[in-house]
Amino acid sequence: MVKIAVLVSGGGTNLQALIDAQAAGAFPNGNIELVLASNAKAYALERARAAGIEAIVVSRKSYEDPADYDQAVVQALQSRGIDLVVLAGFLSILGKAVIDAYPDRILNIHPSLIPSFCGAGFYGLRVHQAALDYGVKVTGATVHLVNEIPDGGKILLQKAVDVLPGDTPETLQRRVMEQAEWKLLPQAVAMLCDQLDGASTGK
Ligand code: GAR
């Protein structure tokens, strides 16, 4: 059984999509064991608690040195035997210690078609604002593996979503979530669970 941790910073609609997918049997060989938030106000924590999942805060603000924050995150994950880490609207950039502890075992969802509108500074509504400012007619979402380059790891899944006349960052964000993110992320987690479970049992 692949032990999954979901890292969050905000509302947690992607976390909710994972919780719902798990309840519907989408991860037969995986289980969400932990939700870790980078700030105590993240509504995602409520979603985790409502689903009976352990929810903890490792506050980014409490650590001056990013390397110390990374160590605290690794400690929280490893002490629970976590195998797979899912960044679902996690807005802190994780450093080498975390990436080295979980090589090819950290997934991120990004709300654009990478390599457009991605990298440092592109998060949440800013991504959709940038897409609207540029005037693209199609955007979407990407699930990728995490390496040391922000939004630079291997792409696993992508889905395109139309930009419509009159879109605001908020309407576009909602459409990208509904049509792409909430579908892609559970799909990618199921895929990785299959791979990791197969590797550990020799299937
Ligand atoms: C999502 O749109 C996610 O793709 C994005 O933040 C939002 C979080 O929403 N992530 C990034 O921009 C990462 N660069 P949620 O908390 O409701 O899942």
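Source: prediction; values computed, not measured. Every number for a ligand or one of its atoms is a count from 1 in the order of the listing.
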S.K.: What closest approach, in Å, do A97 and Q71 show between heavy atoms, and which atom pair accounts for it?
M.R.: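 Smallest interatomic distance, heavy atoms only, reads CB-NE2, 3.8 Å.
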S.K.: So how far is it from L94 CG to Y69 OH, rounded to the nearest 0.5 Å?
M.R.: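 Going from the CG atom of L94 to the OH atom of Y69 covers 7.0 Å.
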S.K.: Of all the heavy-atom pairs spanning D83 and Y102, show the shortest one and how long it is.
M.R.: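 What the structure gives for the nearest pair is O-CD2, 3.8 Å.
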S.K.: Relative to the heavy atoms of G124, which atoms of ligand 1 are at a distance of less than 4.0 Å?
M.R.: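 What qualifies from ligand 1 is 11 (C), 12 (O).
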S.K.: Less than 4.0 Å between a side-chain N and a carboxylate O, is that true for R174 and E170?
M.R.: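 No salt bridge links E170 with R174.
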S.K.: Assess the side chains of T139 and S112: does a donor N or O sit below 3.5 Å from an acceptor N or O?
M.R.: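 Result is no, nothing qualifies.
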S.K.: Which atoms from ligand 1 have a heavy atom of G11 less than 4.0 Å away?
M.R.: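 Listed by number with element, the hits are 16 (O).
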S.K.: Quick one: nearest non-hydrogen protein atom to atom 11 (C) of ligand 1, plus distance?
M.R.: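 Here the closest protein heavy atom is P111 CD, 3.6 Å.
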S.K.: So is there a nitrogen or oxygen of E181 less than 3.5 Å from a nitrogen or oxygen in ligand 1?
M.R.: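 Yes, E181 has an N/O under 3.5 Å of an N/O on ligand 1.
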S.K.: Evaluate N108 for polar contact with ligand 1, using N/O atom pairs at a separation under 3.5 Å.
M.R.: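 Checking ligand 1 against N108, no N or O pair falls under 3.5 Å apart.
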S.K.: Show the atoms of ligand 1 that are less than 4.0 angstrom away from any heavy atom in F122.
M.R.: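 Under 4.0 Å from F122, ligand 1 has these atoms: 14 (N).
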S.K.: Under 4.0 Å from ligand 1, counting heavy atoms only, is it the side chain of F90, its backbone, both or neither?
M.R.: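 Under 4.0 Å from ligand 1, F90 contributes no heavy atoms.
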S.K.: More than 12 heavy atoms of other residues, nucleotides or ligands under 6.0 Å from CZ of F117: yes or no?
M.R.: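 Buried by this count: over 12 neighbours within 6.0 Å.
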S.K.: Under a heavy-atom criterion of less than 4.0 Å, does V8 contact ligand 1?
M.R.: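 No, V8 has no heavy atoms under 4.0 Å from ligand 1.
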S.K.: Tell me the protein heavy atom at minimum distance from atom 16 (O) of ligand 1, and give that distance in Å.
M.R.: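 Closest protein heavy atom to atom 16 (O) of ligand 1: G12 N, 2.7 Å.
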S.K.: Identify the closest protein heavy atom to atom 14 (N) of ligand 1: which residue and atom is it, and at what distance?
M.R.: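 Among all protein heavy atoms, the one nearest atom 14 (N) of ligand 1 is H110 ND1, 3.3 Å.
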S.K.: Answer yes or no: is there an ion pair linking R175 with D167, defined by an N-O contact shorter than 4.0 Å?
M.R.: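 A salt bridge links R175 with D167.
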S.K.: Would you name the heavy atoms of L84 and R105 that are closest together and state the gap between them?
M.R.: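 Shortest heavy-atom separation between L84 and R105 comes out as CD1-O, 3.4 Å.
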S.K.: H128 to ligand 1: N or O pair under 3.5 Å?
M.R.: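 Between H128 and ligand 1, no N or O pair is found under 3.5 Å apart.
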S.K.: Going by an N to O cut-off under 4.0 Å, is there a salt bridge joining R49 and E46?
M.R.: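 A salt bridge is present here (some side-chain N lies under 4.0 Å from a carboxylate O).
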S.K.: Check whether any N or O atom of D151, backbone or side chain, sits under 3.5 Å from an N or O atom of ligand 1, and answer yes or no.
M.R.: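 Looking only at distances, the answer is no, because the N/O contact criterion of under 3.5 Å is not met.
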S.K.: Is it the case that ligand 1 has an N or O less than 3.5 angstrom from some N or O of G89?
M.R.: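 So ligand 1 has no N or O lying under 3.5 Å from an N or O of G89.
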S.K.: Got an N/O contact under 3.5 Å between M177 and ligand 1?
M.R.: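 In this structure, M177 places no N or O atom under 3.5 Å from an N or O of ligand 1.
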